[in-house]
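From a predicted model like this one, the values you see are computed outputs, not experimental measurements.
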Amino acid sequence: MSRVAYVNGQYVPHGQASVHIEDRGFQFADGVYEVWSVFDGRMADFDGHMTRLHRSLGELRIDIPMSREALTAVLKETIRRNRVRNGIVYLQVTRGTSRRDHPFPPEGTPPSVVITSRSINPMKTDATAANGVAVVTTPDIRWGRCDIKTVGLLANVLAKQHAKDRGAYEAWMVDDMGLVTEGSSTNAWIIDENGKLRTRDTQANILRGCTRTTLLDILKEEGIELEERAFTVEEAQRAKEAFFTAAGAFVMPAISIDGVKIGDGKPGPVATRLRQLYIERGTRDAV
């Protein structure tokens, strides 16, 4: 089955989809994006992603391209046309197309909107989680507004390639104080050597992950205590468990960090349980 993309008001074959060469997303990375997990054809953490989208657009002073209702309809139609039962749907909004110049384009320039959707085999990701994955660390060289989900991801790309080159699944970025900020496309968590669940607070320069937010709700329901407190690489390596969260990974156990085995080198019970609870919640509340 050929894939279908939505581009600026039209559904087109994926292989023929295009934007103008002077689209500001292409020229300046002047845009934002969101990625929803799709469970049984429906979007998980929908409100969280939509709220973050509007916040990112507001922070960059990009016009909201359409009403929430219209955007929801287009997202759902893109999923439907691609026959995605389990996978992701990707949305990108840029400041639009205009003659290349650093200042904002003339008022009234319409934003560009691109949406794609693709399937992901849940059995494959479940098998990966059951085995656990390796993490490596790398210096955090990103800009100072990582709370905005911008398409300017070059530092993240370099971090992810650093992981791939070393046979790892993910890279955790480390600031000048030796503290883990977040993953190249994930939020980082540990069960420290004292048994405390920890993740960095979002007042720091990290993204407010929607999977992270849902997991916070699950922790409250389960009565699991959380410390929103940063940790060093050494603390992570001494941890009983480590894992990360993201729309595509859900809750993914990490079994080594920079080659150092975490715990017994297998996915721990807390991460395994939280993954199960998140998938149950995502499936139940998806829209």
Side-chain angles (χ1 to χ4, degrees), residues 37 120-142 146 155-201 204 206-207 209 211-212 214-216 218-219 222 224-279:
S37 296
I120 295 175
N121 185 344
M123 295 180 63
K124 183 177 180 180
T125 55
D126 286 346
T128 299
N131 291 322
V133 299
V135 166
V136 295
T137 61
T138 189
D140 194 338
I141 59 172
R142 299 171 300 163
C146 295
N156 305 67
V157 167
L158 293 173
K160 190 72 80 174
Q161 186 62 39
H162 174 74
K164 183 177 180 181
D165 289 344
R166 285 152 183 79
Y169 186 102
E170 175 62 307
W172 282 3
M173 293 176 279
V174 182
D175 65 19
D176 293 338
M177 296 182 290
L179 299 170
V180 174
T181 52
E182 58 186 326
S184 65
S185 59
T186 62
N187 288 118
W189 308 64
I190 62 169
I191 308 290
D192 70 18
E193 56 189 333
N194 298 314
K196 296 290 187 180
L197 176 59
R198 291 166 60 181
T199 191
R200 191 156 185 160
D201 70 274
I206 69 169
L207 187 68
T211 306
R212 177 190 188 278
T214 296
L215 197 59
L216 294 181
I218 292 172
L219 294 175
E222 294 295 309
I224 300 174
E225 184 179 349
L226 169 68
E227 291 187 7
E228 292 188 81
R229 180 163 61 93
F231 49 84
T232 65
V233 176
E234 291 74 21
E235 286 179 299
Q237 291 173 326
R238 296 196 302 268
K240 294 181 177 181
E241 296 186 42
F243 61 92
F244 51 84
T245 54
F250 311 147
V251 177
M252 183 63 67
I255 58 173
S256 70
I257 300 174
D258 287 339
V260 176
K261 183 172 67 174
I262 305 304
D264 62 1
K266 299 177 182 179
V270 176
T272 300
R273 174 63 175 158
L274 291 177
R275 177 180 175 83
Q276 177 185 353
L277 290 171
Y278 175 79
I279 293 173

Self-check item: T214: partners by side chain to side chain donor-acceptor pair (under 3.5 Å), with sequence neighbours left out
Solution: D45

Exercise. Verify side chain to side chain contact (heavy atoms under 4.5 Å, CB included) between L216 and R212, making sure each step is shown before the conclusion.
Key: CA-CA 6 Å; L216 294 181; R212 177 190 188 278; 3.5 Å; yes

Self-check item: Side-chain touch L226/E228, heavy atoms, less than 4.5 angstrom
Solution: yes

Exercise. Sequence neighbours left out, what passes side chain to side chain donor-acceptor pair (under 3.5 Å) with W189? Give chain and number order.
Key: T245

Self-check item: Which atom of A271 lies closest to which atom of E241, heavy atoms considered
Solution: N-OE1, 2.9 Å

Quiz item: Which distance, rounded to the nearest 0.5 Å, do you find between the CG of N121 and the CE of M123?
Solution: 6.5 Å

Quiz item: Is there a side-chain contact between I279 and D126, using heavy atoms and a 4.5 Å cut-off?
Solution: yes

Practice problem: Evaluate side chain to side chain contact (heavy atoms under 4.5 Å, CB included) for T138 paired with Q161, printing each intermediate quantity in order. | Solution: CA-CA 11 Å; T138 189; Q161 186 62 39; over 6 Å; no

Quiz prompt | Heavy-atom closest pair, residues A239 and I191 | solution = CB-O, 3.2 Å

Quiz item: Going through the distances and angles, do V233 and V174 end up as a side chain to side chain contact (heavy atoms under 4.5 Å, CB included)?
Solution: CA-CA 8 Å; V233 176; V174 182; 3.6 Å; yes

Quiz item: For the atom pair CD1 (I224) and CG (L274), what is the distance rounded to the nearest 0.5 Å?
Solution: 5.0 Å

Quiz item: Measuring from F243:CZ to L197:CG, what's the distance to the nearest 0.5 Å?
Solution: 5.0 Å

Self-check item: Proximity of F244 and Y169 rings by center, below 6.0 Å
Solution: yes

Quiz item: Which is it for K240 and N194 under the side chain to side chain contact (heavy atoms under 4.5 Å, CB included) test, yes or no, and what are the steps along the way?
Solution: CA-CA 8 Å; K240 294 181 177 181; N194 298 314; over 6 Å; no

Quiz item: In Å and rounded to the nearest 0.5 Å, what is the CD to CD1 distance from E193 to I190?
Solution: 8.5 Å

Quiz item: Is there a donor-acceptor contact under 3.5 Å from the side chain of T199 to the main chain of A188?
Solution: yes

Practice problem: Supply the atom-to-atom distance I141 CD1 to D175 CG, rounded to the nearest 0.5 angstrom. | Solution: 13.5 Å

Practice problem: Grab the two heavy atoms, one from R166 and one from V136, that are nearest each other, plus how far apart they are. | Solution: CB-CG1, 4.2 Å

Quiz item: Can you list the residues that meet the salt bridge (charged side-chain N to carboxylate O under 4.0 Å, His left out) rule with E222, with sequence neighbours excluded?
Solution: none

Quiz item: Where the side chain of T128 meets the backbone of K124, is there a donor-acceptor pair that is under 3.5 Å apart?
Solution: yes

Quiz item: Is a salt bridge present between K196 and E225, judged by a nitrogen-to-oxygen distance below 4.0 Å?
Solution: yes

Exercise. I would like to know whether T181 and D140 meet side chain to side chain donor-acceptor pair (under 3.5 Å); could you show each step before the answer?
Key: CA-CA 8 Å; T181 52; D140 194 338; 2.7 Å; yes

Exercise. State, yes or no, whether a side-chain contact exists between T211 and Y278 at a heavy-atom distance under 4.5 Å.
Key: yes

Quiz item: Can you find a side-chain donor-acceptor pair between S184 and E170 that sits under 3.5 Å?
Solution: yes

Quiz prompt | Side-chain (N187) to main-chain (G183) donor-acceptor, under 3.5 angstrom | solution = no

Quiz item: What's the shortest heavy-atom distance between D264 and K266, and which atoms?
Solution: OD1-N, 3.1 Å

Self-check item: Whether R142 side chain and N156 backbone form a donor-acceptor pair below 3.5 Å
Solution: no

Practice problem: Output all residues satisfying side chain to side chain donor-acceptor pair (under 3.5 Å) with R198, sequence neighbours left out; order by chain, then residue number. | Solution: D192, E235

Quiz item: Which heavy atom in S37 sits nearest to a heavy atom in F250, and how many Å separate them?
Solution: OG-CE2, 3.5 Å

Could you tabulate the donor-acceptor pairs under 3.5 Å formed by side-chain atoms of residues 252-263, not counting sequence neighbours?
residue	atom	partner	partner atom	Å
D258	OD1	T137	N	2.8
D258	OD1	T137	OG1	3.4
D258	OD2	T137	OG1	2.5

Practice problem: Could you grab the distance from atom CG of L277 to atom CG of L215, nearest 0.5 Å is fine? | Solution: 8.5 Å

Self-check item: Residues which pass side chain to side chain donor-acceptor pair (under 3.5 Å) with D201, listed by chain and number, not counting sequence neighbours
Solution: none

Quiz prompt | More than 12 heavy atoms of other groups within 6.0 Å of D176 CG | solution = no

Exercise. For A171 and A163, work out which heavy atoms get closest and say how close.
Key: N-CB, 3.8 Å

